[in-house]
Amino acid sequence: MPTPSSPLFDALNRVGFKRWYEQQLMASHGHLVLCLFCLLGLVGGFEAYTRAAQDMADRLMDMVAILASAAIGVWSLRQYVQRMSLAEFVASQATCPQCGTYGRLRGHCAHDQGAEVSCLKCGARWDISA
C-alpha cells in the first residue's frame, strides 16, 4: 500500500524548510512582477486603442491585447496571494513547540492536510498543516 504524500511533505524532505520557504517567496514575488508588467500592458493597450485613425482590425488586436493582459494579470495576482499566504501560514507553524527552534525540521509522514515533522535539535514531533 503506497504511503500518502503531500507537496509540502515532499518539499520538506527534498530541499528542507528554509529552502522551500525561500522558493515560495521567490515564486510569489515573480508573479507580482508579472502582474506589474501586465498592468503596463493594459495601459499600453488602452493607449493604442484610443488612437485616432484606426481600422477595425487594429482595434480588435488592441482589445485582444487588453483582455490578455487583464487575464494574465488577474491570474498572476491570485498566484502571488496564494503562494505568499501558504508560505506565511506554514512558516507560522515551523517553530518547535518544545525548544523554540525555528525552521530546523524534517518531515516524517504526510497526511491529507500537511505533514508530521520533527525538530532536528530536540526531536520533538508536531503537525504542520498546509
Side-chain angles (χ1 to χ4, degrees):
M1 181 169 146
T3 59
S5 184
S6 72
L8 175 61
F9 175 74
D10 294 339
L12 288 177
N13 285 332
R14 191 177 65 249
V15 296
F17 169 75
K18 290 181 182 180
R19 185 84 168 142
W20 172 84
Y21 184 68
E22 178 183 276
Q23 289 172 352
Q24 292 297 309
L25 292 180
M26 293 297 287
S28 66
H29 283 89
H31 284 100
L32 182 62
V33 169
L34 177 60
C35 184
L36 293 174
F37 281 132
C38 287
L39 182 62
L40 290 175
L42 274 172
V43 170
F46 282 123
E47 164 71 26
Y49 185 79
T50 58
R51 280 183 288 160
Q54 282 188 335
D55 61 354
M56 195 57 155
D58 286 340
R59 286 194 181 266
L60 185 61
M61 286 303 294
D62 292 340
M63 284 304 296
V64 167
I66 289 169
L67 292 174
S69 293
I72 295 169
V74 167
W75 174 82
S76 64
L77 184 61
R78 289 190 64 189
Q79 288 294 311
Y80 168 73
V81 169
Q82 287 175 351
R83 286 181 180 262
M84 187 63 79
S85 297
L86 174 65
E88 292 305 313
F89 182 66
V90 172
S92 69
Q93 304 171 63
T95 302
C96 176
Q98 200 165 8
C99 69
T101 302
Y102 175 75
R104 295 196 58 219
L105 46 95
R106 173 185 32 220
H108 280 284
C109 68
H111 51 74
D112 294 338
Q113 293 82 22
E116 180 182 310
V117 297
S118 68
C119 178
L120 291 175
K121 184 176 179 183
C122 71
R125 288 187 178 211
W126 72 97
D127 284 340
I128 288 184
S129 59

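Numbers here are sequence positions counted from 1. Keep in mind that what you see is a predicted model, and the values were worked out from it rather than measured.
Phe89 meets the ring pair (Phe, Tyr, Trp, His ring centres under 6.0 Å) test with no other residue; sequence neighbours excluded. Take Tyr21 and apply the ring pair (Phe, Tyr, Trp, His ring centres under 6.0 Å) test, not counting sequence neighbours, and it matches Phe17. For Glu88, the salt bridge (charged side-chain N to carboxylate O under 4.0 Å, His left out) test picks out no residue, with sequence neighbours left out.
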Only distances under 3.5 Å count here; give the side-chain donor-acceptor pairs of residues 63-80 to other protein atoms, sequence neighbours excluded, each with its distance to 0.1 Å.
{"unit_1": "Ser69", "atom_1": "OG", "unit_2": "Ala65", "atom_2": "O", "d": "3.0"}
{"unit_1": "Ser76", "atom_1": "OG", "unit_2": "Cys35", "atom_2": "N", "d": "3.4"}
{"unit_1": "Ser76", "atom_1": "OG", "unit_2": "Ile72", "atom_2": "O", "d": "3.2"}
{"unit_1": "Ser76", "atom_1": "OG", "unit_2": "Gly73", "atom_2": "O", "d": "3.0"}

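For the pair Arg106 and Leu12, the minimum side-chain heavy-atom distance is 4.5 Å or more. Taking 4.5 Å as the limit, every side-chain heavy atom of His31 sits out of range of all side-chain heavy atoms of Gln82.
Closest approach of Ala94 to Leu105, counting heavy atoms only: O-CD2, 3.7 Å. Contact detail for Val15 and Trp20: the closest heavy-atom pair is CG2-N, 3.9 Å. When all heavy atoms of Ile128 and Gln93 are compared, the pair lying nearest together is CA-OE1, 3.4 Å.
With rounding to the nearest 0.5 Å, the separation of CG in Asp58 from CG in Asp55 is 4.5 Å.
Sorted by first and then second residue, the salt bridge (charged side-chain N to carboxylate O under 4.0 Å, His left out) pairs with a member in residues 14-35 read Arg19-Glu22; sequence neighbours excluded. For residues 115-130, every residue pair satisfying the salt bridge (charged side-chain N to carboxylate O under 4.0 Å, His left out) rule, not counting sequence neighbours, is listed here: Glu116-Arg125.
In the displayed structure, Phe37 atom CZ is contacted under 6.0 Å by at most 12 heavy atoms of other residues, nucleotides or ligands.
Tyr102 and Val117 end up in the same hydrophobic cluster when Ile, Leu, Val, Met, Phe, Trp and Tyr side chains are linked at under 4.5 Å.
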